[in-house]
Amino acid sequence: MSARKSKLSEDRVPLVAPTVTIPLALLPEPSLCGIKWRTINVVILGICFLLLFSAFNPSQSYQSTANKTIGQTSLGVLYLSFAITGFFAPTVVHLLTPKWAMLGGAFCYVFYMGANIRVIPELFYVAAGACGVGASVLWTAQGSYLAKNSDKDTLGRNTGIFFGILQVNMVVGNLIGSTLRKLNQPYWILFTAFTAIGAVGASSFLMLRQPKAKKSNSFESTNSGYESGSVDADPAPEQNISIIGKFINTLKLLASGRFALLAPIIIYSGLSQAFFFGVYSKMVSSYDDSMTGFVFAVFGAFDVLGSFVCGKLIDVVGRKPIFFLGGIFTLGGTLTLLMVEKPFLYSNVYMYFIIGAVFGVSDGAMNGAIYGAIGNVFGNDVENGFGAFRLLQSSTTAAHFFAQRVLDDVPFIDLGILDGFLLLGLMSLLILDFCVAPLDPPKEDKRSTTGIDD
């Protein structure tokens with residue numbers, strides 16, 4: 001009898017069904033009108049950055065004319081703060097989650113733009129320092145958020161979508177600025193408009209949805225897979241490294257031979273940003289202040305064009321020719337400025353637009369080639385590679401803005417220093433490529449490394 005009861009109990013169906021797990025790849029991703037939410041997130045992210053930088057980038061361009069020496073010094077404080085606080089940004093992003101970190105970082109930009117409405121030097125420098133902190137947090141969070149909304153098959157596409165939307169800011173923002181100046185509006189009106197646009201862009205980060213945490217490759221079928229306001233995933237192992245540890249690793253990389261050979265072209269990159277927005281913008285405004293925005297709208301349009309075309313060419317010819325192509329465009333623009341006298345430029349205004357277009361192509365070509373070279377040269381240590389890159393580039397940009405107090409009336413020295421580091425950088429790249437580490441991946445691996453690693 002007892003054996004029969006035991007047999008019945010074994011055949012009885014359990015009252016609670018076991019938890020069933022379904023691989024993540026088998027679950028349909030939530031979508032809206034057929035477009036996946038992750039793709040929508042990337043588009044919204046691009047629009048948020050477009051609005052914010054449509055206000056900030058022209059604000060940066062007008063510093064040398066609107067606020068003179070104080071404005072250029074504030075940009076030096078901003079970039080120096082950005083360089084220093086980059087080591088702390090990952091920790092802040094981890095604590096706040098990418099969405100809220102980007103929201104806070106964006107309003108630091110708004111604080112700086114608002115401080116331009118009525119410049120009080122002490123407050124202005126504080127706002128510039130806060131903007132630098134916000135910038136390091138914002139861009140670190142942007143990378144994290146973009147990665148969380150992508151996989152190995154969509155990261156390349158999503159990065160292209162994001163930067164394609166973002167790059168339009170140079171055209172939109174500068175057209176707004178030049179239109180207001182053409183209408184003879186004072187600078188405080190200009191910066192009030194930029195602050196309002198920036199505030200709208202910063203507030204737009206509230207529209208972002210956060211990816212739901214994924215602690216394994218599968219999860220319970222009752223989960224939706226995507227949830228607004230959910231908690232971010234567990235930190236990656238490298239996030240557990242202390243800030244001091246990251247700083248030490250970056251300093252070690254700065255002292256390496258590979259980075260020493262990359263340093264001249266990185267210094268050129270930092271100097272070029274300060275030159276475009278600090279020196280060249282002032283050259284244009286010395287002729288007609290209302291024309292500055294129109295010239296930089298052309299600069300932005302050709303920057304986008306240069307990035308796109310040279311990005312495609314890298315897949316075909318490699319990075320070395322693109323470095324030299326960008327260098328030729330830079331030398332063409334700077335030598336024209338050195339040789340052509342002001343009376344000729346004043347009587348041939350179109351030259352400002354041509355030179356702006358040349359600088360735009362150069363900037364787009366150089367940026368894409370430098371980022372790709374760092375990724376290939378440092379391989380598994382790429383995170384510290386980019387950390388060292390940001391530290392040196394931002395420090396150089398800051399130093400250039402501070403130096404404008406001395407070099408303000410001698411722009412040909414700026415041009416000479418810029419071209420000098422460009423030529424030194426190109427020679428160092430050849431030594432790096434032929435003797436130390438190739439700038440391009442082997443031909444058989446080029447297809448995978450130009451897109452997304454498998």
Side-chain angles (χ1 to χ4, degrees), residues 75-76 78-87 89 132 135-136 139-140 143 246-247 249-279 303 306-307 310 314 318-320 322-331 334 359 362-379 381-403 414-440:
L75 290 175
L78 191 159
Y79 280 96
L80 183 61
S81 173
F82 175 70
I84 294 172
T85 57
F87 299 102
S136 63
W139 284 102
T140 301
K246 289 183 178 180
F247 181 69
N249 289 339
T250 301
L251 290 181
K252 288 180 180 179
L253 191 143
L254 281 169
S256 68
R258 293 186 179 193
F259 193 83
L261 291 170
L262 274 173
I265 203 69
I266 294 174
I267 292 174
Y268 159 79
S269 175
L271 292 174
S272 68
Q273 297 307 302
F275 174 79
F276 295 147
F277 296 107
V279 179
D303 197 328
S307 298
C310 292
I314 285 175
R319 296 189 178 95
K320 290 190 294 295
I322 301 304
F323 273 119
F324 280 89
L325 178 64
I328 290 171
F329 273 87
T330 298
L331 290 172
T334 54
F359 283 148
S362 169
D363 189 57
M366 283 295 193
N367 285 337
I370 290 173
Y371 273 84
I374 291 172
N376 197 67
V377 168
F378 293 107
D381 202 19
V382 69
E383 181 181 355
N384 288 322
F386 278 109
F389 163 74
R390 285 191 294 268
L391 177 62
L392 181 58
Q393 184 197 46
S394 300
S395 299
T396 305
T397 303
H400 189 284
F401 279 121
F402 285 130
D414 288 295
L415 294 169
I417 294 173
L418 184 68
D419 289 344
F421 273 102
L422 171 62
L423 295 174
L424 180 61
L426 292 176
M427 288 188 291
S428 296
L429 287 173
L430 289 177
I431 296 173
L432 175 67
D433 184 65
F434 288 112
C435 302
V436 182
L439 299 175
D440 295 297

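Remember, it's a predicted structure, so these values are computed and weren't measured experimentally. Residue numbers run from 1 in the order of the sequence given.
When the ring pair (Phe, Tyr, Trp, His ring centres under 6.0 Å) test is applied to Phe329, no partner is found at least two apart in sequence or on another chain.
The two residues Ser394 and Ala83 have their closest heavy-atom pair at CB-CB, 3.5 Å. Residues Gly425 and Pro264 come closest through the heavy atom pair CA-CB, 3.6 Å. Contact detail for Gly327 and Leu422: the closest heavy-atom pair is O-CD2, 3.6 Å. Here the shortest heavy-atom pairing between Cys310 and Leu325 reads SG-CD2, 4.3 Å. Closest approach of Gly76 to Phe402, counting heavy atoms only: C-CZ, 3.5 Å.
Between the CZ atom in Arg390 and the CD1 atom in Ile374 there is a gap of 9.5 Å [rounded to 0.5 Å]. Here Leu271 contributes atom CG and Ile266 contributes atom CD1; the two are 12.0 Å apart, rounded to the nearest 0.5 Å. Rounded to the nearest 0.5 Å, atoms CG (Leu439) and CG (Asp433) are 4.0 Å apart. To the nearest 0.5 angstrom, Leu429 atom CG is 5.0 Å from Phe323 atom CZ. Atoms OH and OG, on Tyr268 and Ser362 in that order, are 3.5 Å from each other to the nearest 0.5 Å. To the nearest 0.5 angstrom, Phe359 atom CZ is 12.0 Å from Met366 atom CE.
Between the side chain of Ser272 and the main chain of Ser269, a donor-acceptor pair closer than 3.5 Å is present.
Considering only heavy atoms from C-beta on, Thr397 stays 4.5 Å or farther from Phe82 through its side chain. Side-chain contact between Thr396 and Phe421 is absent, with no heavy-atom pair separated by less than 4.5 Å.
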Side-chain donor-acceptor pairs under 3.5 Å in residues 253-263, sequence neighbours left out?
unit_1 : atom_1 : unit_2 : atom_2 : d
Ser256 : OG     : Leu253 : O      : 2.6
Ser256 : OG     : Phe259 : N      : 3.4
Arg258 : NH1    : Val377 : O      : 2.7

